[in-house]
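Only this structure's heavy atoms are used, side chains among them; waters, hydrogens and symmetry mates stay out.
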Amino acid sequence: MSETISSSDNPASVVASKQPSPNQPTPITASARWLLAASTAFAVVLWLSGPPLAIGPLVFIALVPLLAIAEVDSSSPWKRTLYVASLAYWLISLQGLRYAHPLMFLPWIALSAYLATYPLLFVALLRRWHSSTGRAYPSPPKSKIPICFVAAVTWVGLEWIRNYLFTGISVLMLGHSLADMPMLIQIADLGGTYAVSFVIVCVNVAMHEALNRWVVRRNPVTFESPGTSLAIAGGLLVATLAYGAMTMNVATEPTGKTIALLGGNELTVYEQDVAREQEIFAAYAQLAIDAAAKSESELAAVVWPESMFSGGMPWMSTGPDLVVPDFMQTPSLPALQPEQLRFAVESNQVEFLNRAQSIQYAMAASSTLASEDPPSIIGGCGLVQYADRPSQYSGVVWVDSSSKMSGTYSKNHLVLFGETIPLVHSLPWIRDMVPPGLGLNRGTQTERFDLDGISLLPNLCIETAVERIPVNHMHQLNSRATPKLPDAIVTLTNDVWFHDSAVVDHHLRCAQLVAVGCRRPVLSAANGGPTAWIDSSGRIMERLPKGQSGVIYAQPERDQRVSLYVRIGAWPAGLMGVATICGLLWMMLERLTRRRNQNEIADGLETN
């Protein structure tokens with residue numbers, strides 16, 4: 001195309017105004033090309049800003065194409081093009097999910113298709129804002145609210161919605177792109193990853209305004225006032241850097257304790273038999289013994305990843321209203337009585353603890369350090385409880401140095417399609433397709449493990465990738481009459497399902513932002529995943545390379561701060577979410593009203 005875009009027009013508007021000729025593409029084709037380029041740029045730049053390449057600063061321009069699309073002519077076919085680009089972004093970013101099980105292909109695609117709607121909602125809401133405030137050229141804007149605030153509230157509101165809708169997922173929030181730039185993420189202790197995302201969106205709007213002013217040279221009447229977004233974004237960025245420099249230098253207190261984090265790479269499958277579970281248990285037992293032998297300081301605890309401490313023998317317990325489940329009854333034998341079941345469970349507990357004690361004795365014997373007590377074991381383990389009805393949980397057990405069961409934690413947040421499937425018990429055809437182990441119950445309690453000299457908050461699996469879970473746990477503990485909050489968060493996970501893909505790195509970045517948001521070190525023990533020690537400023541102190549087995553000897557320091565995020569939770573982001581929901585409902589109502597009016601007019605014309 002040989003014509004030059006004028007200084008006062010949007011590229012898409014210029015294209016739309018052209019008349020077709022035999023030697024030029026039609027306007028709709030040219031417009032579609034521009035939209036394809038903008039949508040592709042958004043997806044590519046956003047992907048480059050995160051793992052595996054992790055070019056974090058690119059996130060400050062990743063939304064510029066979306067902001068440009070929000071200003072194109074209303075007749076432009078932007079929705080389908082942007083959705084396809086967003087879908088490609090999510091499919092590539094989360095492609096590691098497909099390795100977990102052949103049946104995970106459908107959830108991987110379904111999750112990506114769902115998440116791809118959020119950029120469309122963002123653009124749709126901004127377009128509605130532009131039209132309602134008269135921001136379209138050449139009319140001067142009617143609203144006094146800076147567009148950077150509108151865009152930031154909308155984006156953060158949508159992030160808040162997806163952190164709750166359909167059980168919630170926090171992975172790949174915009175703020176996670178800056179996880180490797182610790183000075184820029186310290187504001188997470190004020191408002192979580194939402195706060196980091198808010199600043200990023202404001203900077204994107206400023207970059208878009210700068211592009212319009214000094215590159216495209218659009219008429220300035222389309223903006224609130226010269227440089228408004230630039231001034232706001234610059235001020236926020238400077239304040240963020242200053243706050244980061246100030247808070248990263250806060251003194252912390254050594255706990256004097258060493259925690260061994262075991263990181264193996266044992267292959268696991270859903271249909272896993274007891275023999276394979278025992279093989280995995282034996283491999284980790286040997287890793288724990290070697291960890292004690294090589295440690296240069298006394299170990300307070302050895303942490304096993306999620307599920308690795310089961311070894312075919314879950315920890316069993318009974319409730320007060322014990323009822324023998326039907327599947328335990330044999331028609332040809334006398335009925336099993338509750339007392340007999342209770343005795344069997346207690347016998348299982350003795351065997352379980354004897355096995356743990358043997359490992360603790362072996363660790364103590366292999367250590368070259370003079371120590372009276374062996375280290376505690378904190379291990380991912382299946383939990384089974386028999387009461388009025390049986391319940392099974394993915395959990396964490398704490399066997400103290402005297403080989404007693406001192407605490408358990410039942411996972412509060414189950415993995416959708418991984419540990420629970422909607423309607424799986426109601427629809428037989430779904431129940432027959434899925435592998436065993438997907439009928440887990442959800443825990444509801446927050447727990448803390450108060451070891452000698454250090455207190456730990458247990459989390460399990462994806463719970464650090466659903467930011468509200470550890471933050472809510474800390475908030476609940478802070479609200480209780482407890483002497484102090486836990487000194488560190490210990491998270492146990494099994495990410496071997498994802499075959500060393502970028503999903504593992506995304507999980508680790510979530511943990512980094514959780515560490516800042518809670519102002520507590522995060523100690524992560526993972527099978528095939530992010531075995532790492534993160535300090536309370538979100539810096540990775542040590543990490544095992546992906547695909548390698550080993551041990552990290554974490555020596556977390558005590559951070560006495562109680563963050564504002566822990567004190568008040570995410571209600572500021574929640575207000576943005578409510579505002580965004582109101583905007584979506586308003587937009588839907590307008591569309592329904594417009595469609596109804598069109599139908600009435602059409603009916604009137606037919607009548608006449």
Side-chain angles (χ1 to χ4, degrees), residues 46 59-60 62-63 66-67 70 86 114-115 117-130 132-133 135 143-178 184-206 208 224 228-229 232-233 235-237 239-240 243 465-469 471-472 475 510 513-514 516-518 563-589:
L46 190 60
V59 76
F60 289 117
L63 303 189
L66 294 189
L67 298 167
S86 301
Y114 156 67
L115 293 172
T117 62
Y118 283 91
L120 266 72
L121 295 176
F122 175 71
V123 172
L125 287 168
L126 282 188
R127 290 169 67 87
R128 186 65 192 87
W129 175 265
H130 289 323
S132 66
T133 57
R135 287 178 55 83
S143 174
K144 298 296 184 180
I145 304 176
I147 185 61
C148 64
F149 284 157
V150 175
V153 167
T154 302
W155 186 276
V156 171
L158 290 169
E159 285 192 335
W160 181 85
I161 291 171
R162 76 171 173 97
N163 282 335
Y164 284 87
L165 194 61
F166 303 127
T167 76
I169 180 172
S170 300
V171 68
L172 282 168
M173 292 172 66
L174 208 60
H176 291 141
S177 300
L178 300 180
L184 288 173
I185 65 172
Q186 300 309 304
I187 57 173
D189 72 349
L190 301 176
T193 309
Y194 301 113
V196 185
S197 295
F198 190 96
V199 174
I200 291 173
V201 177
C202 287
V203 174
N204 270 271
V205 175
H208 177 57
E224 304 87 357
T228 299
S229 295
I232 293 174
L236 284 175
L237 197 56
T240 298
Y243 185 81
V466 183
E467 187 172 291
R468 72 175 192 272
I469 301 299
V471 173
N472 286 347
H475 176 73
C510 291
L513 270 294
V514 165
V516 180
C518 296
S563 69
L564 181 66
Y565 193 33
V566 167
R567 292 181 188 274
I568 68 173
W571 68 260
L575 291 179
M576 299 181 198
V578 172
T580 302
I581 292 172
C582 291
L584 291 171
L585 293 176
W586 175 36
M587 193 167 57
M588 291 172 59
L589 181 61

Point-to-point distance, once rounded to the nearest 0.5 Å, from [atom1] of [X] to [atom2] of [Y]:
{"X": "Ile232", "Y": "Leu237", "atom1": "CD1", "atom2": "CG", "result": "13.5 Å"}
{"X": "Ile147", "Y": "His208", "atom1": "CD1", "atom2": "NE2", "result": "8.5 Å"}
{"X": "Leu63", "Y": "Cys202", "atom1": "CG", "atom2": "SG", "result": "11.0 Å"}
{"X": "Phe60", "Y": "Ser177", "atom1": "CZ", "atom2": "OG", "result": "9.0 Å"}
{"X": "Asp189", "Y": "Cys518", "atom1": "CG", "atom2": "SG", "result": "10.0 Å"}
{"X": "Thr193", "Y": "Leu178", "atom1": "OG1", "atom2": "CG", "result": "10.5 Å"}

Is the side chain of [X] donor-acceptor paired with the backbone N or O of [Y] at a distance under 3.5 Å, no angle test?
{"X": "Ser170", "Y": "Glu467", "result": "yes"}
{"X": "Arg468", "Y": "Asn163", "result": "yes"}
{"X": "Ser563", "Y": "Gly517", "result": "yes"}
{"X": "Glu159", "Y": "Tyr194", "result": "no"}
{"X": "Asn204", "Y": "Val59", "result": "yes"}

In terms of the angle between their ring planes, are Trp160 and Tyr164 parallel, tilted or perpendicular, with boundaries placed at 30° and 60°? tilted
If we only count heavy atoms from C-beta on, is the [X] to [Y] side-chain gap below 4.5 Å?
{"X": "Leu66", "Y": "Leu126", "answer": "no"}
{"X": "Leu174", "Y": "Phe198", "answer": "no"}
{"X": "Thr154", "Y": "Trp129", "answer": "no"}
{"X": "Leu190", "Y": "Tyr243", "answer": "yes"}
{"X": "Leu184", "Y": "Val196", "answer": "no"}

Minimum heavy-atom separation for [X] to [Y], with atom names?
{"X": "Met576", "Y": "Val156", "result": "SD-CG1, 3.6 Å"}
{"X": "Ser229", "Y": "Ala206", "result": "O-CB, 3.6 Å"}
{"X": "Ile200", "Y": "Gly175", "result": "CD1-CA, 3.9 Å"}
{"X": "Arg128", "Y": "Met587", "result": "CB-SD, 4.2 Å"}
{"X": "Ala151", "Y": "Val205", "result": "CB-CG2, 3.7 Å"}

Identified side chain to side chain contact (heavy atoms under 4.5 Å, CB included) counterpart of Phe122 within the set Thr580, Thr117, Leu67: Leu67
